[in-house]
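What follows is a set of notes on a single structure, which appears directly below.
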Amino acid sequence: MTFSTILRTAAGAAFGFALSLQRTLAADPLVIHVGYEAIGVDNRPFAEGTSAATARAGEFLEKEFANDPNIKIEWTFFKGAGPAVNEGFANDQLDFAYQGDLPSLIGRATGLKTKYLLASGARKPSYLAVAKDFGIKKIEDLKGRKVALQRGTNSHLSAIKILEAHGLKERDVQVVNLDSAATVAALTSKDIDAAFGDTQLINLAAKGSADIIYTTKGDDPRFGRNAGIIAREAFIEKNPEITQRVVDAFVKAAQWSSDEANRAAQFELWGKSGTPIPILEEYFSKDTLAYRNSPLIDDLLVSQYKEQAIKSKEFGLIRRDVDLNRWFEPKYLNRALERLKLKSFWQPYGADGKPTAS
């Protein structure tokens, strides 16, 4: 066999292998399953108020993998919120998800193998709305009343902490477990006395169907809510480079969401969820976009999660201590900040809530 023949044979074999591999990949694309622990008005597959919602509405993940025809992004929005996301992780139906603090801690306590990759929707405020003409003027007036919240969510934990700070325990009120849509309907029809939530309650008050009597804005930041992007450990271990690109995309969305020049455009984008723009403007009033949309895993965020873990057990929401020391995985975030030249873009905060050096 001549040298040229050997070359032609090798080239043909290489081409055949490449063609076979291409067919295999084309027949079996990688689908990245991304969950979101909320759903838009009338079950729209969009959300609002977080950089993760921006990533979905602005197709940041889809754009990241636009030149990779064998990688697809599939979003799932859960009416069942955080507990439903945990079911998705438990059944290996999700690879990444936006999830609030309490449900992710419950998942950690029950043995779900996940990692916390970056913040999204941290420092979210809570609101308390009451039915019209029911004589409820302050939190202490809730004793014995029917109060709606969605169990197992970060709103649930926030509500318990707010009640505790005003001399009440969860058992001192009649808790009614309702999702956002059901809460709006029940409060409007006055089937309940009050409800904890956020934009849906602001919207209800704007229509004159309820009164907002309290918000965590301007109060103790520990009463607020935190959330982030959680990922399945098995996916990360199998696909570290793809994980990095997913994190890169979420960080790009966080940067766009943190730029004050995009404030109006952002509210317009989040409007895909069905939440009116004036409500979003009120929701973010007096807050900088960078403060609310920071992806940093800083000392404030970590300390808040650790406190939430302690409180969750104290309130009987989880039965065991939660080890968070190896749960936070900042290396993908740090690489993204380095690659995107964003290491000094966001202000980190200490456990005391005060700004710290970068």
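Between the side chain of Asn154 and the main chain of Arg225, no donor-acceptor pair closer than 3.5 Å is present. A donor-acceptor pair under 3.5 Å is absent between the side-chain atoms of Gln150 and the main chain of Gly152, judged by distance alone. Judged purely by atom type and a 3.5 angstrom limit, Asn226 uses its side chain to pair as donor or acceptor with the backbone of Arg123. Of the possible donor and acceptor atoms, none in the side chain of Lys217 sits under 3.5 Å from a partner among the backbone N and O of Tyr214. Side-chain atoms of Ser257 never come within 3.5 Å of backbone atoms of Ala254 as a donor-acceptor pair (strictly under, hydrogens ignored). Remark: the backbone N or O of Ala182 is paired with a side-chain donor or acceptor of Asp179 at under 3.5 angstrom. The backbone N or O of Gly100 sits less than 3.5 Å from a side-chain atom of Glu37, completing a donor-acceptor pair. Distance alone, capped at 3.5 Å, places no donor-acceptor pair between the Arg335 side chain and the Val247 backbone.
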(request) Please report the C-alpha distance between Gln200 and Thr183 in whole Å, then the side-chain angles of each, then the deciding distance to 0.1 Å, and finally whether the side-chain hydrogen bond (donor to acceptor under 3.5 Å, both in side chains) criterion is met. (result) CA-CA 9 Å; Gln200 80 276 18; Thr183 294; 5.4 Å; no

(request) Go through the steps for Tyr349 and Leu296 under the test side-chain contact (heavy atoms from CB on, under 4.5 Å), then give the verdict. (result) CA-CA 9 Å; Tyr349 289 83; Leu296 300 186; over 6 Å; no

(request) Report the C-alpha distance between Ser312 and Ile106 in whole Å, list the side-chain angles of each, state the deciding distance to 0.1 Å, and finish with yes or no for side-chain contact (heavy atoms from CB on, under 4.5 Å). (result) CA-CA 9 Å; Ser312 296; Ile106 291 174; over 6 Å; no

(request) Tell me, with the steps shown, if Gln174 and Asp193 meet side-chain hydrogen bond (donor to acceptor under 3.5 Å, both in side chains). (result) CA-CA 10 Å; Gln174 300 180 50; Asp193 301 298; over 6 Å; no

(message) Pair Thr54, Trp256 - check side-chain hydrogen bond (donor to acceptor under 3.5 Å, both in side chains), show working.
(response) CA-CA 8 Å; Thr54 298; Trp256 191 88; over 6 Å; no

(request) Evaluate the criterion salt bridge (charged side-chain N to carboxylate O under 4.0 Å, His left out) for residue pair Arg151 and Glu170; output intermediate values, then yes/no. (result) CA-CA 12 Å; Arg151 289 191 181 278; Glu170 187 176 9; 3.0 Å; yes

(message) Could you walk me through whether Lys138 and Asp141 satisfy the salt bridge (charged side-chain N to carboxylate O under 4.0 Å, His left out) test, starting with their C-alpha distance in whole Å, then the side-chain angles of each, then the deciding distance to 0.1 Å, before giving a yes or no?
(response) CA-CA 6 Å; Lys138 58 185 184 299; Asp141 294 336; 3.1 Å; yes

(request) Could you check Asn239 against Asp95 for side-chain contact (heavy atoms from CB on, under 4.5 Å), going step by step and ending with a plain yes or no? (result) CA-CA 11 Å; Asn239 305 284; Asp95 303 311; over 6 Å; no

(message) Using ring pair (Phe, Tyr, Trp, His ring centres under 6.0 Å), reason through Phe250 and Phe96 one step at a time and then give a plain yes or no.
(response) CA-CA 11 Å; Phe250 275 119; Phe96 299 86; 7.2 Å; no

(request) Check the pair Asp259, Gln255 against side-chain hydrogen bond (donor to acceptor under 3.5 Å, both in side chains), reporting the backbone distance first and the verdict last. (result) CA-CA 6 Å; Asp259 189 340; Gln255 179 192 22; over 6 Å; no

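Between Gln347 and Ser294 there is no side-chain heavy-atom pair separated by less than 4.5 Å. Using a 4.5 Å heavy-atom cutoff, the side chains of Leu340 and Val251 are in contact. For the pair Thr153 and His156, the minimum side-chain heavy-atom distance is below 4.5 Å. Side chains of Lys272 and Arg56 form no contact here, defined as non-hydrogen atoms less than 4.5 Å apart. Proximity of Leu201 to Ile212: side-chain heavy atoms (C-beta onward) are separated by under 4.5 Å at one or more points. No side-chain heavy atom of Lys169 sits less than 4.5 Å from a side-chain heavy atom of Leu163. When side chains are defined from C-beta on, Phe77 does not count as touching Arg44, because their heavy atoms never get closer than 4.5 Å. By the 4.5 Å heavy-atom criterion applied to side chains, Tyr332 and Gln244 are counted as neighbours.
In this pair, Tyr305 and Tyr116 present their aromatic rings perpendicular. The plane angle is above 60°, beyond the 30 to 60° band.
Here the shortest heavy-atom pairing between Pro125 and Thr216 reads CA-OG1, 3.1 Å. The two atoms that bring Gly80 and Pro83 nearest to each other are O-CD, 3.4 Å, heavy atoms only. Here the closest heavy-atom approach between residue Ala109 and residue Val322 is recorded as CB-CG2, 3.8 Å. Heavy-atom minimum distance, Ser126 versus Ile162: CB-CD1, 4.4 Å. In terms of heavy atoms, Asn293 sits closest to Trp346 at O-NE1, 4.1 Å. For the pair Leu324 and Ala309, the tightest heavy-atom approach, listed with the atom from each and the gap, is CD1-CB, 4.3 Å.
The CG atom of Leu94 lies 9.5 Å from the CD atom of Glu74; values are rounded to the nearest 0.5 Å. With rounding to the nearest 0.5 angstrom, the CZ atom of Arg108 is 15.0 Å from the CG atom of Asp101. Here the CD1 atom belonging to Ile242 is positioned 5.0 Å from the CG atom belonging to Leu30, to the nearest 0.5 angstrom. To the nearest 0.5 Å, atom CH2 of residue Trp327 and atom OG of residue Ser104 are 3.5 Å apart. Of the inter-residue distances, the one linking Leu112 atom CG with Glu87 atom CD reads 10.5 Å to the nearest 0.5 angstrom. Atom-to-atom distance recorded for Leu105:CG and Leu317:CG is 10.0 Å, nearest 0.5 angstrom.
Atom CZ of Arg339 has more than 12 heavy atoms from other residues, nucleotides or ligands within 6.0 Å. Around CG of Asp352, the count of heavy atoms belonging to other residues, nucleotides or ligands within 6.0 Å exceeds 12. By the neighbour-count criterion of 12 heavy atoms within 6.0 Å, atom NZ of Lys190 is densely surrounded, having more than that number from other residues, nucleotides or ligands.
Ring centroids of Tyr283 and Trp270 are separated by 6.0 Å or more, keeping the two rings apart.
One finds no salt bridge joining Glu314 and Lys161 here, because no Lys/Arg side-chain nitrogen approaches an Asp/Glu carboxylate oxygen to under 4.0 Å.
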